[in-house]
Colleague: 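Dumping the structure here so I can ask a few things about it.
Atoms considered below: every heavy atom in the structure, side chains included; atoms not considered: hydrogens, waters and symmetry mates. Within every chain, numbering begins at 1; the chains are lettered A, B, ... in the order of the sequence lines, protein sequences first and strands thereafter.
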Number of protein chains: 2
Amino acid sequence: MSDKPVTIKDVAREAGVSAMTVSNVLNGRGRVAETTAQNVRDVVERLGYRPSVAARRLRLSQQWTIGMLIVVEDPDFLSDPFITAQVTGLTNYLTAHAYSLILRGIKPSDFRTSGLFQDIEADGMVAILSGDEVQRKWFVSELATLRVPFVLLQEHQRPAHDDCTIIRQDDFDGGRQIARHLIANGTRTCWMLMPQTEWPAMRARMEGVASVWREAGLPPPEVIRCADESFDVNYAETLAALRSRKAPDAIVGGNDQMAVGAMKACIAHGLRVPEDIQITGFNAFDFWRYVDPVLTTVRSAAHALGERAAAELIARLQAATFSSHEIILPVKLEPGASTRS
Amino acid sequence: MSDKPVTIKDVAREAGVSAMTVSNVLNGRGRVAETTAQNVRDVVERLGYRPSVAARRLRLSQQWTIGMLIVVEDPDFLSDPFITAQVTGLTNYLTAHAYSLILRGIKPSDFRTSGLFQDIEADGMVAILSGDEVQRKWFVSELATLRVPFVLLQEHQRPAHDDCTIIRQDDFDGGRQIARHLIANGTRTCWMLMPQTEWPAMRARMEGVASVWREAGLPPPEVIRCADESFDVNYAETLAALRSRKAPDAIVGGNDQMAVGAMKACIAHGLRVPEDIQITGFNAFDFWRYVDPVLTTVRSAAHALGERAAAELIARLQAATFSSHEIILPVKLEPGASTRS
DNA sequence: CTGAAAGCGCTTACAG
DNA sequence: CTGAAAGCGCTTACAG
């Protein structure tokens, strides 16, 4: 048992055939006599031969690899359940189709320091971007230099580049579902909790809410800006708002976490949920159920987004072009006890 | 702008030098005249040349890639914050050191269907295993066939294989910290919530608790078996237990999620936390703070585990052997309001 | 049914 | 300081 890896030549020599016969047996190509084939398989087993993926890749100039780029400020990027769900959907689909996933988190500010993703040799890329529109455009143009097809997750703006597609969920409609639910139970005044750095999905949610409000002829919801999306900050900002002015009928959180912060603030302020004030979140990730009362929220399609990204990319690799340049997945209201029915 | 990728030969031709001069310039090897070098760099830039990683890998038989194998039953494996934190620590460290990460989730039952990880061509592997001891031994022996160094995360048993190391946190001590905290405030009777499929880390926690109980000369804590680790199941099992017999002074959850299930069950049963009964969790991931009362728990070293795994693996790749075969990271009690001080 | 040749795109000695 | 040759481990036509 030497330390040198076993190559196809070793197998060929041992089996008394040529290397390409071994190759043919292993890949089921060409016609090989069954006795020869069986012999080859035995030798492969005995020698513990494993084909070199690197050689295969070089020869076929195909990588069977998809790169996933997550461009976010937080180095702890996987702690966001929305992101992890997408990554999970992606890996699961890829693994089932014999593709590997290369995962890379990168800060927006580091993006300019090229080479941080240039060395990813993949057949296609999936990216979750962040930052303002100018930055995102820059990211997309940098991605395009890789000359491989790519999918942008949760992107709202269709980029100029052609060999790519955007896949997102219908945040706008999610916002509308929340708003209709609230208005149906008599809600008239509403605050919307938004983070300072307002990314497209969250903006779409709020625009969805606002559109229904407008259609109902009600005064527009008031936007409360919070420094970030953390529980603590949203708790504090909500409490401050409640102390400074009259409480609204409902508070719409940009996501579950923000909503829970707001809910705890309301309770601390002496308000009953949902009797005095109603709260809604967005995403329906795990912990929303531990909260008391259980949060009314919208179930996100995060896992499906990741799966779909993988599916579209693999389909694109087989065809020559993407079949669609924009895919929108539906979301569904998940009524809880933090709103009145 | 043709579609064919630019190779080192194209650059060489265009720059009027040989391929190896280009290689030398790009890798800073050998002495190259500065004028030649600058010219080469210009051509590289102009042609948008990116070296083929596949060719480089084949030539150098080095992959600059670490594979991460997560062997768990749940296809939604990244939804476990303990796992995501480890993955994050791993990727961050690897990226900073110019290594790529290949991520793969795999069910224990699929493990036998070899080839599911055999095609991962990496310089080293990191694995999170599950299942009983027999299964784990099998996994380790399978991993060893890859002939690359590997790290086992959260493994408690040092495997026979030599070119590997285990890295885990001190779950036993975490259990002891919890137990000392409880006994110090007068706790005498205690239930421990354990999942049916009892993995080593959780068992270590409980043994830590039990050891302190034993040293204090108290009757051993009672183990409550729950079908799984979900909130719902633990809620139901705890409620059933509370109805069948006298409530203990405290309930120690195997992790935060189980603890929250137990806490809600206690409250539903009419008990006050922590006045009538105390609850403790384990891990200190995000949501434990949203719970009311805030859970007493133990802060896990998950992120550090991932980082350390990467560091050890890269060090091993440079040296010839692992410097240590067992690394244990400390954990810290995080007192909350679900226990009395 | 089987094999000798060529080549994927690099880099490492080794000459000049 | 620079280059011609060889080879990493495969697979794809093409002959026999």
Colleague: Taking N or O atoms only and anything under 3.5 Å, show me the protein contacts with nucleotides 5-8 of chain D, one pair per line.
Modeller:
residue : atom : partner : partner atom : Å
D/dG7   : N2   : B/Arg59 : NH1          : 3.3

Colleague: Using the six-membered ring wherever Trp is involved, compare the ring planes of B/Phe322 and B/His325 and label them parallel, tilted or perpendicular (cut-offs 30° and 60°).
Modeller: perpendicular
Colleague: Look at B/Thr36 and D/dT2 and indicate whether a side-chain polar atom (N or O) is within less than 4.0 Å of OP1 or OP2.
Modeller: yes
Colleague: What does C/dA13 pair with, Watson-Crick or G-U, if both distances are under 3.5 Å?
Modeller: none
Colleague: So does B/Gln63 get a backbone contact from the side chain of B/Arg57, meaning a donor-acceptor N/O pair under 3.5 Å?
Modeller: yes
Colleague: Under 4.0 Å between a side-chain N/O of B/Arg57 and OP1 or OP2 of C/dC10, yes or no?
Modeller: no
Colleague: Searching all strands shown, indicate the nucleotide that pairs with D/dA4 (Watson-Crick or G-U wobble; both distances under 3.5 Å).
Modeller: none
Colleague: What is the distance, rounded to the nearest whole Å, between atom CG of A/Asp10 and atom C1' of D/dC10?
Modeller: 13 Å
Colleague: When you get a sec, tell me which of D/dG9, D/dG3, C/dC10 is the closest nucleotide to the side chain of A/Ser52?
Modeller: D/dG9
Colleague: Checking contacts here: which listed nucleotide (D/dT11, C/dC10, C/dT2) is nearest the side-chain heavy atoms of B/Tyr49?
Modeller: C/dC10
Colleague: Under 3.5 Å, is there a donor on one side chain and an acceptor on the other for A/Arg316 and A/Thr321?
Modeller: no
Colleague: Looking at A/Thr21, I'd like to know whether one of its side-chain N or O atoms comes within less than 4.0 Å of OP1 or OP2 on C/dG3.
Modeller: yes
Colleague: Verify, without hydrogens or angle tests, whether A/Asn92 (side chain) and B/Pro75 (backbone) share a donor-acceptor contact under 3.5 angstrom.
Modeller: yes
Colleague: It should be established whether A/Ser18 places a side-chain nitrogen or oxygen under 4.0 Å from OP1 or OP2 of nucleotide C/dT2.
Modeller: no
Colleague: For B/Glu45, does the CD atom have more than 12 heavy-atom neighbours from other residues, nucleotides or ligands under 6.0 Å away?
Modeller: no
Colleague: Is B/Asp74 paired with B/Lys107 through a side-chain N to carboxylate O contact shorter than 4.0 Å?
Modeller: no
Colleague: With a cut-off of less than 4.0 Å, is there a side-chain N or O of A/Asn24 near OP1 or OP2 of D/dT11?
Modeller: no
Colleague: Can you tell me the distance, in whole Å, between the CG atom of B/Asn27 and the C1' atom of C/dG9?
Modeller: 13 Å
Colleague: From CD of A/Gln63 over to P of D/dT11, roughly how many Å is that when rounded to an integer?
Modeller: 14 Å
Colleague: Are any side-chain N or O atoms of B/Glu121 and backbone N or O atoms of A/Val53, one a donor and one an acceptor, separated by less than 3.5 Å?
Modeller: yes
Colleague: What is the distance, to the nearest angstrom, from the CZ atom on B/Arg56 to the P atom on D/dG9?
Modeller: 17 Å
